[in-house]
Amino acid sequence: MRKNRNLIVLNIIVILGALVMVFPFLWAFITSISPGAGLSSTPQLIPDNPSLSAYVQLFDRLPFGKIVLNSLGLAVLTTGFQLITSSLAAYVFSRMPFRGRNVVFAVYLATMMLPMQVLVVPLFVEMKTLGLIDSYLGVLLPSIASAFGVFLLRQAMNSVPTELDQAATLDGAGHFRIFGLIVLPLVRPALATLTVFSFLNSWNSFLWPLIILRTPEMKTLPVALAGLQGQFTTQWDVVMAGSVISILPMLALYIFTQKYIIQGVAGTGLK
Amino acid sequence: MTTLQDSKSNPPRVLPRVSKAGASKKFSPRLRYSLIVALFLLPSALPLLCFTIIPMFSAFWVSLHQWNLVGSMKWVGLDNYAKLISDPMTQSAFLHTIYYIVGYLPLVYIGGLSIALALNSRIKARNLLRGLYFLPVVSSWIVVALVWRWLLNPSTGVVNWLLGLIGIAGPGWWTDPSWSMPAIILASAWKDIGFIMVILLAGLQAVPEELHEAATVDGAGWWRRLFNITLPMLSPSTFFVIVLSLINGFQVFDQVYAMTGGGPNNSSQVVVQQIYDLTFRYGKAGEASALSWLLFLFILVITLIQVRGQKKWVNYA
């Protein structure tokens with residue numbers, strides 16, 4: 001009986017909690033279709049005359065379409081590069097022993113612990129020397145390799161039995177073939193997890209693009225959104241319209257890849 | 001596997017590879033092996049070297065100088081560090097950051113644990129609920145900060161309106177120096193609770209059911225089992241959550257930048273916001289780099305202390 005009562009209490013808490021989780025998103029959407037929101041002090045759950053004028057304003061006053069494309073392009077490129085660089089390195093750490101390999105791997109892991117903030121000043125100077133301030137390449141370069149990705153894929157590759165490689169070696173396959181035809185296809189779930197993580201990280205990254213990008217047309221969504229606040233101080237409908245636009249692609253990706261994301265996060269905790 | 005079978009039964013497919021091996025005969029097998037290792041490692045090693053490792057050391061070099069990012073560098077030794085340690089702004093930035101962590105960590109841990117416990121029981125629509133709780137985790141900090149700024153708007157926000165309905169005069173949140181930090185903590189806890197929940201849930205699912213059954217037979221109640229079985233079994237996940245939350249907590253920035261910018265009256269000025277301001281507002285790159293290093297060392301020491309102390313309470317079965 002007691003067990004049941006606890007269960008009911010937990011259920012109620014969890015469902016109320018879920019409402020708290022969803023409400024801010026819902027409210028952002030409602031605000032974005034309520035022109036003049038923020039001027040009245042009694043919020044309306046159902047807008048009197050819903051309209052998309054906030055979205056129109058957003059695209060009129062800002063190169064918003066371009067900004068969405070910037071974010072998308074950078075996220076796709078970052079993800080592509082990270083998949084390639086990480087899987088190649090992970091293969092070496094999993095399959096190709098050499099002297100000092102453990103030390104090299106430890107250095108890779110150590111870079112994961114470094115806060116971005118420590119690197120901000122010298123990286124900025126480096127980019128300035130290379131003439132990459134206010135360029136997409138400047139945003140992209142520091143994130144083409146990911147120690148986290150190497151770690152994740154190495155773990156996955158280690159669980160692929162080496163008997164498969166040995167059989168392939170007997171058949172005359174070299175490392176390129178074992179990598180491409182045996183190991184990679186077998187770690188597809190880990191590749192999927194890394195894809196989603198890289199994409200979301202890039203899509204949501206803020207500090208570095210904020211520092212590098214200057215031209216309004218080149219900014220990424222989070223940077224442009226942060227700037228919106230200043231320009232549309234009281235126009236909450238416009239600010240929320242921008243937020244909704246930046247949530248939508250992420251939401252779509254999330255719905256289809258939830259399994260890989262949650263697996264990835266749960267897996268990091270177990271290590 | 002099918003490809004291997006193919007190459008066995010289909011000799012011509014093997015031929016190109018053999019000729020390729022023949023072409024690379026000019027390399028000894030050892031050299032060839034090293035070349036492959038290099039070819040596979042360099043695409044990640046070079047960027048990590050250029051954009052993480054070298055900048056890390058040059059940050060230290062910069063921290064020993066007075067420099068405004070454009071002019072020439074002037075050697076000042078450890079002066080920047082000495083200046084920072086006695087600087088009241090830096091001290092208060094560290095205090096605000098600690099305030100943030102002290103408010104944030106119990107909130108996400110107890111919240112995340114309750115949800116994980118509930119979702120680990122026989123609850124309906126478990127996957128859907130788990131998905132909903134995780135939704136803010138994948139959203140960008142900036143969006144979360146903007147949406148919460150709007151929710152917590154002192155005069156027209158929906159939170160104060162709801163509080164008003166039950167007769168509470170809502171505070172000024174991000175416009176009030178004594179409420180700016182709680183506002184940031186609230187938004188951050190909302191965003192991260194799903195992440196903590198997923199990690200704890202994975203830990204919970206590894207707790208053997210027999211332990212609970214045996215304890216129930218012995219007459220242990222729900223709370224007793226929570227404290228004597230679940231929490232000790234969950235200690236590795238708890239340890240991970242605490243280590244990670246502290247590392248991330250000391251680096252808190254995005255939400256502060258977008259919600260308050262460190263204000264009002266510097267009431268929410270955290271360490272990373274201070275680094276940002278020193279570099280890009282005041283042009284004090286030397287001091288900013290020194291502060292980055294102080295923060296890094298601070299995080300490192302705190303993490304090491306936790307790793308050391310884990311033997312006392314973390315229970316690896």
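Proteins get letters first, then strands, A, B, ... in listed order; numbering begins at 1 in each.
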- Whether Gln255(B) side chain and Val144(B) backbone form a donor-acceptor pair below 3.5 Å: no
- Message: If you count heavy atoms of other groups shown closer than 6.0 angstrom to CZ of Phe29(A), is the number above 12?
- Response: no
- Trp67(B) six-ring face occupied by Lys284(B) cation (under 6.0 Å, within 45°): no
- Message: With chain A as the partner, which of Leu48(B), Leu135(B), Val143(B), Val271(B) has the greatest number of non-hydrogen pairs under 4.5 Å?
- Response: Leu135(B)
- Quick one: what part of Ala145(B) sits under 4.5 Å from any heavy atom of chain A, side chain, backbone, both or neither? neither
- Around Phe239(B), counting heavy atoms of other residues, nucleotides and ligands shown, do more than 12 lie under 6.0 Å from its CZ? yes
- Query: Of the backbone (N, CA, C, O) and the side chain (C-beta and beyond), which part of Trp148(B) lies under 4.5 Å from a heavy atom of chain A, both, or neither?
  - Reply: side chain
- Can you check whether Phe199(A)'s main-chain N or O pairs, donor with acceptor, with Ser202(A)'s side chain at less than 3.5 Å? no
- Query: If you tally heavy-atom pairs under 4.5 Å against chain A, which of Val62(B), Leu132(B), Leu146(B) wins?
  - Reply: Leu146(B)
- For the residue pair Phe40(B) and His175(A), is the inter-centroid distance of their aromatic rings smaller than 6.0 Å? no
- Query: What part of Asn127(B) lies closer than 4.5 angstrom to a heavy atom of chain A: side chain, backbone, both or neither?
  - Reply: backbone
- Task: Please state whether the side chain, the backbone, both or neither of Met250(A) comes within less than 4.5 Å of a heavy atom of chain B.
- Result: side chain
- Message: Heavy-atom pairs under 4.5 Å with chain A: which of Trp293(B), Tyr257(B), Tyr276(B) has the most?
- Response: Tyr257(B)
- Message: If we ignore hydrogens and angles and just use 3.5 Å, is the side chain of Trp236(A) paired with the main-chain N or O of Val147(B) as donor and acceptor?
- Response: no
- Query: Which bit of Ile53(B) comes within less than 4.5 Å of chain A, counting heavy atoms only: side chain, backbone, both or neither?
  - Reply: side chain
- Message: Ring-plane angle category for Phe151(A) and Phe105(A), please: parallel below 30°, perpendicular beyond 60°, tilted otherwise.
- Response: parallel
- Query: chain A heavy atoms under 4.5 Å from Ile193(B): which part of the residue, side chain, backbone, both or neither?
  - Reply: side chain
- Item | Exercise: do Tyr254(A) and Ser139(B) side chains pair donor with acceptor under 3.5 Å | no
- Note on the structure: Scored by heavy-atom pairs under 4.5 Å with chain B, the best of Ala89(A), Ala28(A), Ser146(A), Ala147(A) is Ala89(A)
- Considering only heavy atoms and a distance below 4.5 Å, find which of Gln258(A), Met127(A), Met240(A), Arg101(A) pairs most often with chain B. Met240(A)
- Note on the structure: The interface call for Val244(A) against chain B, heavy-atom contacts under 4.5 Å, is neither
- Message: At a 4.5 Å cut-off on heavy atoms, which part of Leu253(A) comes close to chain B: side chain, backbone, both, or neither?
- Response: neither
- Message: For Phe197(A), which atoms come within 4.5 Å of any heavy atom of chain B: side chain, backbone, both, or neither?
- Response: neither
- Task: Kindly determine whether Thr31(A) and Trp150(B) satisfy side chain to side chain donor-acceptor pair (under 3.5 Å), including the steps that lead there.
- Result: CA-CA 9 Å; Thr31(A) 307; Trp150(B) 169 224; 2.7 Å; yes
- Message: Can a donor-acceptor pair be found, under 3.5 Å and without considering hydrogens, that links the side chain of Tyr133(B) to the backbone of Ala18(A)?
- Response: yes
- Can you check whether Tyr33(B) and Phe98(A) have ring centres sitting under 6.0 Å from each other? no
- Task: Counting only heavy atoms closer than 4.5 Å, note whether Phe60(B) contacts chain A via side chain, backbone, both or neither.
- Result: neither
- Message: Which one wins on heavy-atom pair count under 4.5 Å against chain B: Val14(A), Leu200(A), Ile84(A)?
- Response: Val14(A)
- Task: Would you please indicate if the ring centroids of Phe253(B) and Trp208(A) are separated by under 6.0 Å?
- Result: no
- Message: Is Pro97(A) close to chain B through its backbone or its side chain, or both, or neither, when contacts mean heavy atoms under 4.5 Å?
- Response: both
- Query: Side chain, backbone, both or neither: which part of Phe134(B) has an atom under 4.5 Å from a heavy atom of chain A?
  - Reply: both
- Note: vs chain B, highest number of non-hydrogen pairs under 4.5 angstrom among Leu251(A), Ile211(A), Val150(A) is Ile211(A)
- Query: Can you tell which of Val196(A), Leu141(A), Val125(A) has the highest number of heavy-atom pairs within less than 4.5 Å of chain B?
  - Reply: Leu141(A)
- Message: Which one wins on heavy-atom pair count under 4.5 Å against chain A: Pro136(B), Ser63(B), Ser114(B)?
- Response: Pro136(B)
- Message: Is Thr279(B) in contact with chain A via its backbone, its side chain, both, or neither, using a 4.5 Å heavy-atom distance?
- Response: side chain
- Leu41(B), part contacting chain A, at a heavy-atom distance under 4.5 Å: both
- The interface call for Phe23(A) against chain B, heavy-atom contacts under 4.5 Å, is side chain
- Short side-chain to backbone donor-acceptor contact, Asp254(B) and Trp141(B), under 3.5 Å: no
- Out of Val158(B), Ile299(B), Val198(B), Ile115(B), which one racks up the most heavy-atom pairs below 4.5 Å with chain A? Val158(B)
- Query: What residue in Asn248(B), Val37(B), Leu300(B), Val138(B) has the most heavy-atom pairs under 4.5 Å with chain A?
  - Reply: Val138(B)
- Looking at side-chain heavy atoms only, is the closest gap between Asn153(B) and Arg149(B) below 4.5 Å? no
